[in-house]
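Step one of this worksheet: look at the structure below.
Here, residue 1 is the first one in the sequence, and each next residue gets the next number. The figures here come from the full heavy-atom set of this structure, side chains too, leaving out hydrogens, waters and symmetry mates.
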Amino acid sequence: MSQTPEFLACFLIPIPSMLLECLPMIDDIGYDSQLHMQAQATMCTSDPTHRLICLITRCARDNLALIISTRIFFDLDEMAAAMPIPWEHWGPSNTRIFQRQFHFRINGNRVLQTLHFGARNRQFILQLLDFSPLAVTNGRGLGRVVKEPSTTCIIVDRIGTRGESLTTSLPYVQVVFSDRKFDHANSLLRDMWIDKERIYMLSRSLRYTYDRLEVIDVQPDVRSGVVSTS
């Protein structure tokens, strides 16, 4: 530590703190090869101003994920530390709230989670949400660019009582892996992870007595930041 820690700002969140839990921040910056080091210089995943903080709620009825872009912490004036910043002044444009599914992972500026579909949501597929500004700018064609605001009714206690509605609009690119479907009642998917280049899925095998580890390539284009899958 080269200098004494300095208090910068306090941001108000209209969700009771007893319901919130912060997921660890993970970012794949440490690579040995020169190619990866060159990629880091141009991609938003290595930029600390565009990482994600994820706060999740836990209650009996509903689970929500509050995604916060760290860009808001790098645009502070000298008056920011004087008094708490109201949610209305920072939250809607720098966050996105959505339902958190059973399988949920975050890395850098990406979120990987399951997406329920079908009759009574009995099946699910994987979806990748990329909050990189470059991906949002150049993501058309490989994913759905989401810029329109979304409104979510938040919870106010552990039994799931509904409170006020919050509107958030942090843009992202949604990539849906529709070729892989899982049955919710008898899911083969045990767990999943994501890094800057790949998705890893640990699944039960119906034909063999041991599990399978599947790998999906999701390496972004260095120039555009757009995710390509293979």
Side-chain angles (χ1 to χ4, degrees), residues 20-33 35-37 39-40 43-48 50-58 63-70 96-117 121 123-132 134-136 139 142-144 146 170 172-184 186-222 225-230:
L20 292 176
E21 177 182 334
C22 184
L23 293 185
M25 294 182 64
I26 302 176
D27 193 79
D28 297 297
I29 296 181
Y31 282 86
D32 293 331
S33 70
L35 176 61
H36 285 317
M37 294 298 291
Q40 289 171 8
M43 292 172 55
C44 288
T45 50
S46 62
D47 186 350
H50 292 292
R51 296 177 189 169
L52 300 178
I53 293 176
C54 182
L55 302 179
I56 60 175
T57 64
R58 296 186 182 274
N63 290 324
L64 300 176
L66 171 60
I67 299 296
I68 304 173
S69 172
T70 56
R96 180 71 73 163
I97 300 177
F98 53 85
Q99 296 290 326
R100 183 175 64 89
Q101 305 297 335
F102 177 73
H103 293 288
F104 182 93
R105 294 290 182 267
I106 184 170
N107 185 291
N109 46 38
R110 294 176 181 173
V111 173
L112 176 67
Q113 71 168 1
T114 52
L115 178 65
H116 294 283
F117 75 101
N121 290 328
Q123 291 182 302
F124 63 85
I125 54 180
L126 297 182
Q127 69 167 348
L128 177 67
L129 308 180
D130 194 332
F131 289 86
S132 163
L134 280 178
V136 171
L142 288 176
R144 183 173 71 97
V146 180
L170 182 65
Y172 62 91
V173 175
Q174 180 191 41
V175 180
V176 177
F177 301 88
S178 56
D179 57 329
R180 286 300 312 274
K181 297 180 176 64
F182 300 89
D183 181 70
H184 184 70
N186 187 28
S187 174
L188 299 178
L189 182 63
R190 290 183 179 272
D191 208 344
M192 62 185 188
W193 305 267
I194 182 174
D195 59 26
K196 188 166 62 177
E197 297 182 345
R198 297 178 180 88
I199 292 174
Y200 306 90
M201 297 186 299
L202 182 63
S203 306
R204 290 189 296 114
S205 176
L206 294 178
R207 300 177 56 187
Y208 307 101
T209 58
Y210 42 81
D211 291 347
R212 299 182 303 169
L213 180 61
E214 301 179 63
V215 183
I216 301 176
D217 183 20
V218 290
Q219 184 174 1
D221 180 88
V222 174
V226 176
V227 171
S228 61
T229 62
S230 59

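Although no hydrogens or angles enter the test, the distance criterion places no donor-acceptor pair under 3.5 Å between the side chain of N63 and the main chain of R100.
Between W193 and L202 there is a side-chain heavy-atom pair separated by less than 4.5 Å. Annotation: side chain of R96 is not in contact with side chain of L129 (no heavy-atom distance under 4.5 Å). T114 places a side-chain heavy atom less than 4.5 Å from the side chain of L126. Looking only at side-chain heavy atoms (C-beta outward), D130 and V175 stay at 4.5 Å or farther from each other. Within the 4.5 Å cutoff, the side chain of Q99 has heavy atoms near those of the L64 side chain. Two residues are said to be in side-chain contact when any heavy atoms from C-beta on lie closer than 4.5 Å; L20 and T57 meet this criterion. Looking at heavy atoms from C-beta onward, F124 lies out of side-chain contact with L115 at the 4.5 angstrom threshold. In this structure the side chain of L112 never reaches within 4.5 angstrom of the side chain of R110, judged on heavy atoms.
N109 and Y172 share no donor-acceptor pair across their side chains, judged by distance under 3.5 Å alone.
With sequence neighbours left out, R105 forms a salt bridge (Lys or Arg N to Asp or Glu O under 4.0 Å) with D191. Residues passing the side chain to side chain contact (heavy atoms under 4.5 Å, CB included) test with L23 are C54, I56, F104, I106, sequence neighbours excluded.
Expressed to the nearest 0.5 Å, how far NE2 of H103 lies from CZ of R190 amounts to 10.5 Å. Between L55 atom CG and E21 atom CD the span is 9.5 Å, to the nearest 0.5 Å. The distance from atom CD1 of I199 to atom CE of M192, rounded to the nearest 0.5 Å, is 8.0 Å.
When all heavy atoms of C22 and I53 are compared, the closest pair comes out as SG-CG2, 4.2 Å. Among all heavy-atom pairs drawn from E197 and D195, the shortest one is N-OD1, 2.9 Å.
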